[in-house]
Amino acid sequence: MTDTTRIERYDATAIEPRWQARWDELAMHETDLAAARDRYYLLTMYPYPSGDLHIGHWYIVTPTDALARFQRMHGKNVFLPIGFDAFGLPAENAAIKGGFNPREWTMRNIDNMRRQFRSMGAMFDWSAEVVTCEPEYYQWNQWLFLRFLEAGLAYRAKSPVDWCPNDGTLAREQVEGADRHCWRCGAKVEKRDLEQWYLRVTKYADELLDYGGLDFPEPIKVMQTNWIGRSEGGEIVFTTAPSAHHRGGEELRVFTTRPDTLFGATFMVLAPEHPLVATLTAPERRAEVEAYVAQAATRTEIDRLSTDREKTGVALGSDAINPVNGERIPIFVADYVLAGYGTGAIMAVPAHDERDFAFARKFGLPIRRVVAAPGDESAELDAAYIAHAAGEVLVNSGPYSGLPADEGGRRIVAELQTRDAGKAAVTYRLRDWLISRQRYWGTPIPVIHCPTCGIVPVPDEDLPVLLPHTVDYEGSGVNPLTRDEAFLNVTCPRCGGPAKRETDTMDTFVDSSWYWYRYLSPHKAEAPFDPDLVEGWTPVEQYTGGAEHAVMHLLYAREFTKMMRDVGLIQQNEPWKRLFNQGQILGADGERMSKSRGNTQDPDDLVARYGADSIRLFLMFMGPWDQGGPWSPTGIGGVHRFLSRVWTIVLDPHGREAGDPESGVLPAGQAEAEAGAALRAAAHRTLRDVTTDYEGFRFNVMVAKLMELANTLFRYRGTAAAATPAWDEAVRLLLLMLAPAAPHIAEELWSRRLAAAGVPWTSVHAESWPEVDPSAVIESTREIPVQVNGKLRDKIVVAADATNADIEAAVLARDRVRAILDGRTPDRIVVAGGGKLVNLVIR
RNA sequence: CCCGGAGUGGCGGAAUGGCAGACGCGAUCGACUCAAAAUCGAUUGUCCGCAAGGGCGUGAGGGUUCGAAUCCCUCCUCCGGGACCA
């Protein structure tokens, strides 16, 4: 044991707060937004201030921060802001249940989470922080809303909400149980139609389907595409037939993707909410129809939409006339037709639609086949015939019989169009965005209801419409704004008469649809953002966050960006260039982490025990970032050991391990010069790999590569090689590569090296990312695996510049190979991949 | 039912047409210690074998290829999302 000067142990908790304070002092994380050089906007989804940061927040933020630091070392002017998505239901639920003020509850949580975020040592620019429940932020939600209103992009319409007689409007998660009762009072929840505010996002459906120039994960694009749900077809105008109880002649529009099957329509179905249901109901059927419609209204969505539920419905006692052949077909009301899609009415073609088939079977309605493969026309159908076979033609379709199905469909639509009875049409599943919430804790919608002028926008100069600070729920979930006289009563800005404020607030997805623009000038008083900064810094270069937002938030934000563009506020079409979705950290039980399940992990405890750097590195090391997985702290010790080892390598290069005879001895056959070359090769090869691993978000492999390099250095510790320039170079590279992932220990060891060399301190984080020296990586010999019939049998070592012929000769000269060949000649010798591997083929 | 993702040692995972199991955890043995912790070293897919060596092996089955965890087909399981969208 030659190690007499014992070094201190690696103690993260002693060094991390010190560097965090120093970085703050030097304002190292405040981005100079005015500087035009190499801007790199790295955005991570801002958290909801639920109370405590949990390990899942660290899992999102840690690699994002490493990436920010990596880009900064590449000379980029990196902007990494953070904020809080501070409006929303949990605060209000806590307020109603626990009697807190939602604002105080939220702000307390934010304070705690700020402290926790700081303990991570992330390079967040806190000077850019945004908190959405502050008037400074939400007034611009209001201002943007007014611009959309002027442009006709915001409008008001009736729509149903879940309504509790005691607690008013309920959110989806506030409706509980199969019997649909209120989460607070247990009363039965009903549907109620309210006038509510919408944003006209369906206008952008086609544009949203264009992902040109967007680097998004493929699954996200697929999910958004499905959500938008574009389908092409025709809109066909049926008319109602005269009957004993009414004159008929109303138009009944339907949307179909299969106009080619129009001759197969044997009945029609209206959604229970369809406006013509009452008119078309025959007096003798009224009681039954009304009961059915009422029952449909109370059904849960899930129950109603359940695919395997048996079809139900009621005949109205009226007929419709098929425009293509004048045929009279009966009209039904059934809840398998959705009011919100297409026209809320369908032509039913049981022969070619599964759902119509099931309905027809149940109600004994005719099933008429109109599409068939040639020669197959008369075959009895025992299920709807939907599949598209080559060469199928129309049958039983009057003058169109015999035409190929797709052409027949086009001709039918064209013919109907000449009579104004149909046209080609496109429908989407995407709906306009309902932004009204009947709730206190959100952005007040800035309009006034005047009995004489109607709906009057709040003038810009009267913004913000402030949310009252004190709030009294009076033991109920009903929006307290509706009782707040001071808030409610205003004078009409147009006529000066008494008027009432709108009491609905905005969906919090509005807040999260533009916050990265606000980060650029969070305190700007005269506009939501600075147009120059916005054009200079956005679209955001890279966005990171959870895949659970694949559709809602990510789609809303894209829509919002297009709306802002259309009212002339920005020039870009898309908010972000590149998106990465990390996976989710689950509890040890494999379930979603939640306080109620008791499977959360408090990061504070882990930081106190191992330090932030170990936790950061461990979260990156766990597995691929997009995968997530159940939380288990078992491996943290290994990562912590790695950092301790780096500590020892840097501070005690000449120490040796007691009890290890190999420690301090060069590997057999290696002289000092060869050892130096081996160290340089290892360091530069690691640098080459780690660089591409960072770029490809392969953080787990990156950490593994650094561990390998540390192991190599550790092996040479205490040997003559540890006193060479090659050692110093390898250590330097190791610290630079470690700096983005484990910023504190890298900074500490870097500063100690500078001090030891008598050089003034500069931060490791201000260093440039090093360059690979290709000459260091080149080796003089290489090892080639030898296979016989695809099975590994031997390995040979050849000169690095050996030709294929050299390699073949070397292989055939090997004793082991000759023994296996046993006098035979290989049928083929494959030297693959430029001499990477040899395969001898013997048949 | 539809769409998407994934199945590799005891565990997390690596290898995306070329040496399966990098790196780490755990485990076993050993060093240090009065002892423990910490640290260090060795071994660790599985079966046969004293060994040399060999057989098997990436959810199952088939195919393409000199060569497949990787590509193709059929199927199974798990996770996420959607779900009567005409």
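So you know, we letter chains A, B, ... as the sequences are listed, proteins then strands, and number each from 1.
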### Query
When you compare B:A36 with B:U44, how far apart are their C1' atoms, in angstrom units rounded to a whole number?
26 Å
## Note on the structure
Hits for ring pair (Phe, Tyr, Trp, His ring centres under 6.0 Å) against A:Phe267, two or more places apart or cross-chain, chain-then-number order -> A:Phe332, A:Phe359
### Task
Could you work out the separation of B:G7 and B:U70 based on their P atoms and round it to a whole Å?
11 Å
### Query
If you check every side-chain atom of A:Trp227, which of B:G82, B:G55, B:A15 has the closest atom?
B:G82
### Message
Between B:C23 and A:Lys705, counting only base atoms on the nucleotide and side-chain atoms on the residue, is there a donor-acceptor pair under 3.5 Å?
### Response
no
### Task
Give the C-alpha distance, both sets of side-chain angles, the deciding distance and a yes or no for side-chain hydrogen bond (donor to acceptor under 3.5 Å, both in side chains) between A:Asp11 and A:Thr13.
CA-CA 6 Å; A:Asp11 178 6; A:Thr13 54; 2.7 Å; yes
Every protein N/O within reach of nucleotides 44-53 of chain B N/O, cut-off under 3.5 Å:
none

### Message
Please pick, from B:A14, B:G41, B:A86, the nucleotide with the shortest atom-to-atom distance to any side-chain atom of A:Phe255.
### Response
B:A86
### Task
Using both pair distances under 3.5 Å as the test, note the stems of at least 3 consecutive Watson-Crick or G-U pairs that include RNA chain B.
B:1-7 with B:76-82, B:10-12 with B:23-25, B:26-31 with B:39-44, B:45-48 with B:53-56, B:59-63 with B:71-75
### Task
Using the test side chain to side chain donor-acceptor pair (under 3.5 Å), find all partners of A:Arg230 that sit at least two apart in sequence or belong to another chain.
A:Asp206, A:Glu232, A:Tyr428
### Task
Enter syn or anti for the glycosidic conformation of B:G9, syn applying to angles within 90° of 0.
syn
### Query
Can A:Thr686 and A:Asp689 be counted as having a side-chain donor-acceptor contact under 3.5 angstrom?
no
### Task
Mind telling me whether A:Tyr10 and A:Trp647 have parallel, tilted or perpendicular rings, with 30° and 60° as the class edges?
tilted
### Query
Mind checking the P distance from B:U28 to B:U46? Whole angstroms is fine.
15 Å
Please list every donor-acceptor pair under 3.5 Å in which a side-chain atom of residues 694-708 of chain A meets a protein atom from a residue at least two apart or in another chain.
from     : atom 1 : to       : atom 2 : distance (Å)
A:Tyr694 : OH     : A:Met737 : O      : 3.3
A:Arg698 : NE     : A:Asp693 : OD1    : 3.1
A:Arg698 : NH2    : A:Asp693 : OD1    : 3.1

Produce the list of close N/O pairs, under 3.5 Å, pairing protein atoms with atoms of nucleotides 24-26 of chain B; give distances to one decimal.
from  : atom 1 : to       : atom 2 : distance (Å)
B:G24 : OP1    : A:Asn711 : ND2    : 3.0
B:C25 : OP1    : A:Arg641 : NE     : 3.1
B:C25 : OP1    : A:Arg641 : NH2    : 2.7

### Query
Any chance the rings of A:Trp433 and A:Phe509 have centres within less than 6.0 Å?
no
#### Entry: Atom C1', compared across B:G26 and B:C76: separation rounded to whole Å
30 Å
### Task
Give a yes or no on whether the backbone of A:Tyr59 and the side-chain of A:Trp625 come within a donor-acceptor separation of less than 3.5 Å.
yes
### Pairwise P distance for B:A69 and B:G30, with rounding to whole Å
39 Å
Atom pairs under 3.5 Å, N or O on each side, protein against nucleotides 65-68 of chain B: can you list them with distances?
from  : atom 1 : to       : atom 2 : distance (Å)
B:C66 : OP1    : A:Arg828 : NH1    : 3.4
B:C66 : O4'    : A:Arg828 : NH1    : 3.4
B:C66 : O2'    : A:Asn839 : ND2    : 3.2
B:C66 : O2     : A:Asn839 : ND2    : 2.8

### Message
For A:Tyr610, give me all partners under ring pair (Phe, Tyr, Trp, His ring centres under 6.0 Å), at least two apart in sequence or on another chain.
### Response
A:His640
### Query
Taking atom types as modelled, is there a side-chain donor on A:Tyr336 or A:Thr312 under 3.5 Å from an acceptor on the other?
no
#### Entry: Any A:Tyr336 side-chain nitrogen or oxygen under 4.0 Å from OP1 or OP2 of B:A86
no
### Task
Starting at the 5' end of nucleotides 3-9 of chain B, put B wherever the base has a protein heavy atom under 4.0 Å, S where only the sugar-phosphate does, and a dash everywhere else.
SS-----
### Message
Using OP1 and OP2 only, check whether a side-chain N or O of A:Arg698 sits under 4.0 Å from B:A15.
### Response
yes
#### Entry: Interatomic distance, A:Met622 CE vs B:G13 C1' [rounded to whole Å]
11 Å
#### Entry: salt bridge (Lys or Arg N to Asp or Glu O under 4.0 Å) pairs, two or more places apart, involving residues 614-633 of chain A
A:Asp65-A:Arg616
### Query
Quantified in whole Å, what is the P atom distance between nucleotide B:U39 and nucleotide B:C48?
36 Å
### Polar side-chain contact A:Lys836-B:C19 base: donor and acceptor under 3.5 Å
no
### Query
Using the C1' atom in both, what is the distance from B:C66 to B:G17, to the nearest Å?
12 Å
### C1' gap between B:G54 and B:G62, integer Å
28 Å
#### Entry: side chain to side chain donor-acceptor pair (under 3.5 Å) partners of A:Asp794, counting only residues at least two apart
A:Arg814
### Query
Mind checking what makes side chain to side chain donor-acceptor pair (under 3.5 Å) contact with A:Arg715, not counting sequence neighbours?
none
